[in-house]
Structures are given as C-alpha cells and as structure tokens.
**Student:** 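Once you've had a glance at the structure underneath, I'll fire off some questions.
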Amino acid sequence: MAKIEAKLGMIMDSVGQFFSGKDHLPYCDSDIVSGCEKEVLEAEKLSSDEQMQDCLLRLSWALVHSKHPQDVHRGIAMLEASLPSTKEPLQQREKLYLLAVGYFRNGDYSRSRDLVDRCLTIAPDWRQAVTLKKAIEDKITKDGVIGLGIAATAVGLIAGGIAAAVSRKK
C-alpha cells in the first residue's frame, strides 16, 4: 500500500510540476546586476583585458538570469556581440549557454534549444546544459499540450454553435 501511495505521490508531483511552469534556473535581483555593472566600470579603469572580460561575463550572467525582461535583452545583446570574437571553446560554451538561458527566459524556446545543442557539441556531458535542454523540451511539450487543449476547445465551441444553429432552424 505504501508503494502505491508513493507512486501516486510521484505522479501527482510530476503533473503539478508540468503545469506549474517553473524552471529550476536561478534568478538574479537588481542589486546583483547593479553590483556587476559597478564592477565593469571599475575594471574599465584599472584592470587588464582578461579581468574586464571576466567582469563582462559575470554581468551577462546576471542580466540573463534577471527577472526583468529588459535586463535579459541587454544580456542577450552583450553575449551576441561578444560571441564572434570568442576563440576559446570553454568561453564559447559559457556564452552559448548564457544565450540559451536568455532566449529561454524570453520564451524563444527553439532558439534556446539550438544554442544549448551547440553548447553540448562542445561539452556533451555538461550537466547545466543537459538540465537546460530538458527544461526547454518540457516547456515546448507543455506549450504544445496547452495549444492542443485550446484548439480542441475552439473546435468544440464551433461544433456546438453549428449544432445549436441547426437545431434552431428545425
């Protein structure tokens, strides 16, 4: 009996998570974004190019993980501008992953999936990217199920309206 209850609990949790729409990516608040922006300003004055790039990467991370869409857009723009000049595979992987997070946050799941796939070609076993890919696929599946539900409801309403109109004419 306990095994059945445990399995039912797992099923209910799974269904609840499916419809809750929660992803397991961290969010970043405005204070952290502000701190990273200050760090970049200080690095412009005092630091080497490598330190500056590290500060910009931290700022990009904070922006794409922000709860504010305008911050996410800024982070995406920064990463897209810096990606072509990135030569090291490890930095490419990081930037591709952060771009995928940004597009995921913006709801562009197909672009996000493409970027995370590129990231996984560089590092196939990277758990963060694998987890993000699963979150993307879950979101696409959920959106598809909701879309089918809306379409089925619309068809039902139209059929009901036609049936009501036909029955009135008789």
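In this chain, numbering begins with 1 at the start of the sequence shown. Reckoned from all heavy atoms, side chains included, excluding hydrogens, waters and symmetry mates.
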**Student:** Run through the side-chain heavy atoms of Ile, Leu, Val, Met, Phe, Trp and Tyr, join any pair under 4.5 Å, and report what else lands in Val40's cluster.
**Tutor:**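 ILVMFWY cluster around Val40 also holds Val33, Met52, Leu56, Leu59, Leu63, Met78.
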**Student:** Do Leu83 and Phe104 belong together in a cluster built from hydrophobic side chains that touch within less than 4.5 Å?
**Tutor:**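 Yes, because Leu83 and Phe104 connect within a single hydrophobic cluster, where side-chain heavy atoms sit under 4.5 Å apart.
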**Student:** Find the distance between CG (Leu132) and NZ (Lys134) and round it off to the nearest 0.5 Å.
**Tutor:** 12.0 Å
**Student:** Closest approach of Pro84 and Ala81, non-hydrogen atoms and distance?
**Tutor:** CD-O, 3.6 Å
**Student:** Using a cut-off of 6.0 Å, state whether more than 12 heavy atoms not belonging to Gln70 lie near its atom CD.
**Tutor:** yes
**Student:** Restricting to non-hydrogen atoms, name the atom on Val116 and the atom on Ala129 that form the minimum distance, rounded to 0.1 Å.
**Tutor:** CG2-O, 3.4 Å
**Student:** With rounding to the nearest 0.5 Å, note down the distance linking CD1 in Ile76 to CG in Asp71.
**Tutor:** 11.0 Å
**Student:** What's the separation between atom OG in Ser60 and atom CD in Glu80, rounded to the nearest 0.5 Å?
**Tutor:**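 Nearest 0.5 Å value for the OG-CD distance: 11.0 Å.
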**Student:** According to the side-chain hydrogen bond (donor to acceptor under 3.5 Å, both in side chains) rule, which pairs have a member within residues 115-124, sequence neighbours left out?
**Tutor:**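 Matches after skipping sequence neighbours: Asp117-Lys133.
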**Student:** Given 3.5 Å as the limit, does a donor-acceptor pair link the side chain of Thr141 with the main chain of Glu137, or not?
**Tutor:**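 Checking the backbone N and O of Glu137 against the side chain of Thr141, a donor-acceptor pair under 3.5 Å is found.
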**Student:** Hey, what do you get for OH (Tyr97) to CG (Leu120), rounding to the nearest 0.5 Å?
**Tutor:** 10.5 Å
**Student:** Is it true that Leu99 and Val130 fall in one hydrophobic cluster, defined by side-chain heavy atoms closer than 4.5 Å?
**Tutor:** no
**Student:** Using side chain to side chain contact (heavy atoms under 4.5 Å, CB included), reason through Cys36 and Trp61 one step at a time and then give a plain yes or no.
**Tutor:** CA-CA 9 Å; Cys36 289; Trp61 184 96; over 6 Å; no
**Student:** Please report the shortest heavy-atom distance between Pro26 and Arg105, naming the atom on each side.
**Tutor:** O-NH2, 2.6 Å
**Student:** Of all residues at least two apart in sequence or in a different chain, which pass the side-chain hydrogen bond (donor to acceptor under 3.5 Å, both in side chains) check with Gln53?
**Tutor:** none
**Student:** Any ring pair (Phe, Tyr, Trp, His ring centres under 6.0 Å) pairs touching residues 70-93, not counting sequence neighbours?
**Tutor:** none
**Student:** Less than 4.5 Å apart, any side-chain heavy atom of His65 and any of Ile32?
**Tutor:** no
**Student:** Which pairs with one or both residues in residues 29-38 pass side-chain hydrogen bond (donor to acceptor under 3.5 Å, both in side chains), sequence neighbours excluded?
**Tutor:**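 Counting only pairs at least two positions apart or across chains, the side-chain hydrogen bond (donor to acceptor under 3.5 Å, both in side chains) contacts touching residues 29-38 are Ser30-His68, Glu37-Arg74.
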**Student:** When rounded to the nearest 0.5 angstrom, what distance separates CG in Leu98 from NZ in Lys95?
**Tutor:**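 Going from the CG atom of Leu98 to the NZ atom of Lys95 covers 9.5 Å.
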**Student:** Of the non-hydrogen atoms in Ile136 and Tyr109, which two are nearest, and what is the gap between them?
**Tutor:**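 Taking every non-hydrogen atom into account, CG2-O, 3.6 Å.
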**Student:** For Glu94, what residues pass the salt bridge (Lys or Arg N to Asp or Glu O under 4.0 Å) criterion, not counting sequence neighbours?
**Tutor:**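 Counting only residues at least two positions away or on another chain, Glu94 forms no salt bridge (Lys or Arg N to Asp or Glu O under 4.0 Å).
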**Student:** So, taking the atom named CD in Gln128 and the one named CG in Leu25, what distance separates them when rounded to the nearest 0.5 Å?
**Tutor:**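 Rounded to the nearest 0.5 Å, the CD-CG separation comes out at 9.0 Å.
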